[in-house]
Amino acid sequence: MSSVEEIQGVPVMMFAREGATVGSEGDALDLIGDASYQGARWAVVPAERFAEGFFTLRTRLAGEIIQKFAQYRMGLVVLGDISRHTQGSSALRDFVQECNRGRQTWFLADVEELRERLGSAGGRPR
């Protein structure tokens, strides 16, 4: 079940592993709406929830979804192991590294890493 948690004083919507696949801008808007309604600043979505195309940059799906989150000033965390995707794509590896340098979208392995990031970033997506 999805729920809002306070992590480092920041309201974070923790989406459940079970649920609809995130594979379009409309799906992103559904997540943003749910998180916003609950007062969250960040949406934490398990990597398993994303359509395979999200991890293939040439589909542009990741860019479209991330752009929606940026437009609504909602941070996005893709949570979990995505190594099977990054091992086969240097472009995706570079994309993930670039995202993780910023304060809008993070690809993180676990909740502990999220806790550390939110503590050092102040919790506000840009």
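Computed from a predicted structure; not experimentally measured. Numbering of residues begins at 1 and proceeds along the displayed sequence.
- Ser89 approaches Leu92 most closely through the heavy-atom pair OG-N, 3.0 Å.
- Under the 4.5 Å side-chain heavy-atom criterion for Ile, Leu, Val, Met, Phe, Trp and Tyr, Leu114 and Leu76 are members of distinct hydrophobic clusters.
- Listed here is the closest heavy atom pair of Ser2 and Met13: CB-CE, 3.9 Å.
- With hydrogens and angles ignored, the 3.5 Å screen pairs no side-chain donor or acceptor of Gln67 with any backbone N or O of Gly63.
- Nearest heavy-atom pair across Met74 and Ile32 is CE-O, 4.1 Å.
- Minimum interatomic distance between Ala28 and Ile65 (heavy atoms only, all atoms of both residues): CB-CG2, 3.9 Å.
- Taking 4.5 Å as the limit, some side-chain heavy atom of Phe95 sits within range of a side-chain heavy atom of Ile66.
- Shown here for Ala51 and Gly23, the closest heavy-atom pair between the two residues is CB-CA, 3.8 Å.
- Within the 4.5 Å cutoff, the side chain of Val78 has no heavy atoms near those of the Leu108 side chain.
- Taking the six-membered ring where the residue is Trp, Phe55 and Phe50 present perpendicular rings, their angle passing 60° and hence far from 30°.
- In this structure, Pro11 and Gln38 have side chains that are not in contact, with every pair of non-hydrogen atoms separated by 4.5 Å or more.
- Of the possible donor and acceptor atoms, none in the side chain of Asp94 sits under 3.5 Å from a partner among the backbone N and O of Ala91.
- No side-chain heavy atom of Arg49 sits less than 4.5 Å from a side-chain heavy atom of Arg17.
- For Thr21, there are no side chain to side chain donor-acceptor pair (under 3.5 Å) partners two or more places apart in sequence or in a different chain.
- In this structure, the side chain of Ser36 does not engage the main chain of Gly33 through any donor-acceptor pair within 3.5 Å.
- For Glu48, there are no side chain to side chain donor-acceptor pair (under 3.5 Å) partners at least two apart in sequence or on another chain.
- The pair Arg84-Glu52 counts as a salt bridge, with a side-chain nitrogen and a carboxylate oxygen less than 4.0 angstrom apart.
- The closest side-chain heavy-atom distance from Val44 to Phe15 is not below 4.5 Å.
- Each of Ile7, Val77, Val4, Val45 was compared with Met14 under the side chain to side chain contact (heavy atoms under 4.5 Å, CB included) criterion, and only Ile7 meets it.
- Shown here for Leu57 and Ala62, the closest heavy-atom pair between the two residues is CD2-CB, 4.3 Å.
- Side-chain N or O atoms of Thr56 include none that pairs as donor or acceptor with a backbone N or O of Thr59 at under 3.5 Å.
- Side-chain N or O atoms of Asn100 include one that pairs as donor or acceptor with a backbone N or O of Phe107 at under 3.5 Å.
- You'll find the side chain of Ile82 reaches within 4.5 Å of the side chain of His85, heavy atoms only.
- Contact of the Glu25 side chain with the Leu61 side chain is not registered, since no non-hydrogen atoms from C-beta on lie closer than 4.5 Å.
- Here Glu116 contributes atom CD and Gln8 contributes atom CD; the two are 9.0 Å apart, rounded to the nearest 0.5 Å.
- Classified by interplanar angle (parallel below 30°, tilted 30° to 60°, perpendicular above 60°), the ring pair Trp106/Trp42 is parallel.
- With contacts defined as side-chain heavy-atom distances shorter than 4.5 Å, the pair Leu29/Lys68 qualifies.
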